Structures are given as structure tokens and as C-alpha cells.
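Here's the structure we're looking at; comments come further down.
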Amino acid sequence: VQLQASGGGLVQPGGSLRLSCAGSGRTSSRYMMGWFRQAPGKEREFVAAIRRSGGSTYYAASVKGRFTISRGNAGNTVYLEMNSLRPEDTAVYYCAGSDYYTFNIPDYDYWGQGTLVTVSS
């Protein structure tokens, strides 16, 4: 089982993009679904997560107020709405799932290939 992230592209600073993460039926049963990103030369970092039970959402400080994570109605798709994009948001974005209440990358699995987001004028 892998999760496929899509929706990346080139956008100007201040612009918006919506990323999608599609997976199998098990996606809807994962306790947490998260978005992560990895910029060139940097380590992968947590961006946002959503809990299956109650739909609580969590964000890294660097994106809070600009990004919104959500689930599709069937629960098999997870979205990341990104607004007011900045050059420092440039990275490959990945989605992954976990069976635990966690923001630790090693606790997530089923990583896909990711989707590249480039913020540049």
C-alpha cells in the first residue's frame, strides 16, 4: 500500500495550491494522516496532521494559519490547502499515515513519491 501525493507545481509567492493524497481503503482507518516536506539539502519535517477520531488538526508553527489539512468525505483522500505561499515552502511534499497519535516521522509509513512544490517569482 502506498499513498500518492499530487497537486504540486510552480507558484508565485503569495499564491495557493491544493495538494491531494490518495490511498487505499486502509487510509480511512489510519489513526493519523500527515503531510511532511523535504526541502533540498534539509531533513524531512512535519507539516500538518489530522486525527481520524474527531478530525482534530495539527500544524507546524511555520505553516499555521496558512495551511489547512482536511479529509475527503470517504476518508480515503487527504488534502492540504496551502495559501500565502513563501519561497521557504519550496519542497517535496509527502503524505503518510500512522496508527498512533504522533508527529514523529519514523512512526509514519506508506510513504509515496511525493509532489514538488516550488514557490518562486
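Note that the numbering runs from 1 along the sequence shown for the chain. A quick note: this is a predicted structure, and the numbers were derived from the prediction, not measured.
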Any chance the rings of F46 and W35 have centres within less than 6.0 Å? no
Got a sec, which residues hit salt bridge (charged side-chain N to carboxylate O under 4.0 Å, His left out) with R66, two or more places apart in sequence or on another chain? D89
Quick one: does any side-chain atom of T102 pair with a main-chain N or O of D107 as donor and acceptor, under 3.5 Å? no
Work out which heavy atom in V119 is nearest to a heavy atom in R86; give both atom names and the distance. CB-O, 3.2 Å
Establish, yes or no, whether a centroid distance under 6.0 Å links the rings of Y59 and F67. no
Going by atom type alone, with no hydrogens or angles, which donor-acceptor pairs under 3.5 Å involve a side-chain atom of residues 4-21 and a protein atom two or more places apart or on another chain?
| residue | atom | partner | partner atom | Å |
| --- | --- | --- | --- | --- |
| S16 | OG | N83 | OD1 | 2.8 |

Could you tell me whether D109 and R30 have a side-chain N and a carboxylate O separated by less than 4.0 Å? yes
Which value, rounded to the nearest 0.5 Å, describes the distance between I50 atom CD1 and S56 atom OG? 8.5 Å
Side-chain touch Y93/F36, heavy atoms, less than 4.5 angstrom: no
Specify the closest pair of heavy atoms between M32 and Y100, including all atoms of both residues, with the distance to one decimal. CG-O, 3.0 Å
Over 12 foreign heavy atoms within 6.0 Å of CD, E43: no
Side chains of E88 and T90 in contact at under 4.5 Å (non-hydrogen atoms): no
For Y79, is the NZ or CZ atom of R71 found under 6.0 angstrom from the centre of its six-membered ring and inside 45 degrees of the ring axis? no
Do you know which two heavy atoms are closest between A91 and R37, and how far apart they sit? CB-CB, 3.8 Å
Minimum heavy-atom separation for W111 and R44, please, with both atom names. CE3-NH1, 3.1 Å
Any C95 side-chain heavy atom under 4.5 Å of L3 side chain: yes
Side-chain donor/acceptor of Y58 to backbone N/O of V47, under 3.5 Å: no
After noting the C-alpha distance and the side-chain angles of Y108 and M33, does the key distance pass the side chain to side chain contact (heavy atoms under 4.5 Å, CB included) rule? CA-CA 8 Å; Y108 282 78; M33 289 297 300; over 6 Å; no
E45, CD atom: more than 12 neighbouring heavy atoms under 6.0 Å: yes
In Å, rounded to the nearest 0.5 Å, how long is the span from CZ of R51 to CD1 of I69? 13.0 Å
